[in-house]
Amino acid sequence: YMEELGCAGEVQLAKGDELSKRGSTNEDSDENLGNFKDWGVQIKVKFRDKSDLQVLSAQVHSGGERSVSTIMYLMAMQNMMVSPFRCVDEINQGLDERNERLVFKRIVQNSTLPPEVEDDPTSHCGQYFLITPK
């Protein structure tokens with residue numbers, strides 16, 4: 001999804017204390033893997049060709065960059081689950097016109113996909129409810 005915008009991104013599973021310390025994933029024993037409260041998702045993004053992937057944060061990225069990254073991550077995850085509808089509130093806040101158009105284009109593409117299996121009520125892409133002040 002990020003490539004459509006000329007950017008790059010990746011998502012990693014990281015242990016909670018590693019999210020705040022080093023920003024890297026942590027290999028752990030099998031007995032500790034079931035403690036979901038100790039784990040988090042780390043989103044890394046790159047908006048410029050000459051930069052490296054960096055952990056998405058308010059200290060490094062603009063509000064628009066964080067919005068784009070968040071909605072693209074959510075839409076990528078939605079391909080893995082079934083939901084009758086999705087509600088997105090003011091996702092375009094902080095986006096410039098170009099990124100706003102690209103994000104809305106992707107939302108329309110995702111919400112108009114044909115069902116994977118005909119006549120299966122769970123095989124649909126879901127509907128989007130967009131709430132925006134613009």
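If you read the sequence from its start, that first residue is 1, and numbering goes on from there. Computation of the quantities below employed the complete heavy-atom set of this structure, encompassing side-chain atoms and omitting hydrogens, waters and symmetry-equivalent molecules.
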Enquirer: Measure across G9 and M2 and return the closest heavy-atom pair with its distance rounded to 0.1 Å.
Expert: N-CB, 4.1 Å
Enquirer: May I have all residue pairs that pass side chain to side chain donor-acceptor pair (under 3.5 Å) and include part of residues 47-65, sequence neighbours excluded?
Expert: R48-E65
Enquirer: If the condition is side-chain hydrogen bond (donor to acceptor under 3.5 Å, both in side chains), which residues does R66 pass it with, not counting sequence neighbours?
Expert: none
Enquirer: By side-chain hydrogen bond (donor to acceptor under 3.5 Å, both in side chains), which residues pair with E10, not counting sequence neighbours?
Expert: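 Checked E10 against side-chain hydrogen bond (donor to acceptor under 3.5 Å, both in side chains); matches are Q12.
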Enquirer: Between V45 and S69, what is the shortest heavy-atom contact and its length?
Expert: CG1-OG, 3.3 Å
Enquirer: Sequence neighbours left out, what passes side chain to side chain contact (heavy atoms under 4.5 Å, CB included) with A8? Give chain and number order.
Expert: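 Partners of A8 under the side chain to side chain contact (heavy atoms under 4.5 Å, CB included) test: K46, L53.
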Enquirer: When you compare the side chain of I107 with that of M75, does any pair of heavy atoms fall below 4.5 Å?
Expert: yes
Enquirer: If you measure from CD on Q109 to OH on Y1, what distance do you get to the nearest 0.5 Å?
Expert: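 Taking CD in Q109 and OH in Y1, the distance rounds to 8.5 Å.
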Enquirer: Suppose we screen for side chain to side chain contact (heavy atoms under 4.5 Å, CB included). Which residues come up paired with L5, at least two apart in sequence or across chains?
Expert: C7, V68, M72, N99, L102
Enquirer: Run through V108, V103, N110 and flag the one making a side chain to side chain contact (heavy atoms under 4.5 Å, CB included) with R106.
Expert: N110
Enquirer: With side chain to side chain contact (heavy atoms under 4.5 Å, CB included) as the criterion, how do V41 and Y73 come out once you've worked through the C-alpha distance, each side chain's angles and the decisive distance to 0.1 Å?
Expert: CA-CA 11 Å; V41 172; Y73 166 71; 3.6 Å; yes
Enquirer: Under the salt bridge (Lys or Arg N to Asp or Glu O under 4.0 Å) rule, what pairs show up with a residue in residues 71-82, not counting sequence neighbours?
Expert: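 Qualifying pairs: none.
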Enquirer: Going only through I, L, V, M, F, W and Y residues with side-chain contacts under 4.5 Å, is there a path from F47 to L74?
Expert: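 Linked, F47 and L74 end up in one cluster.
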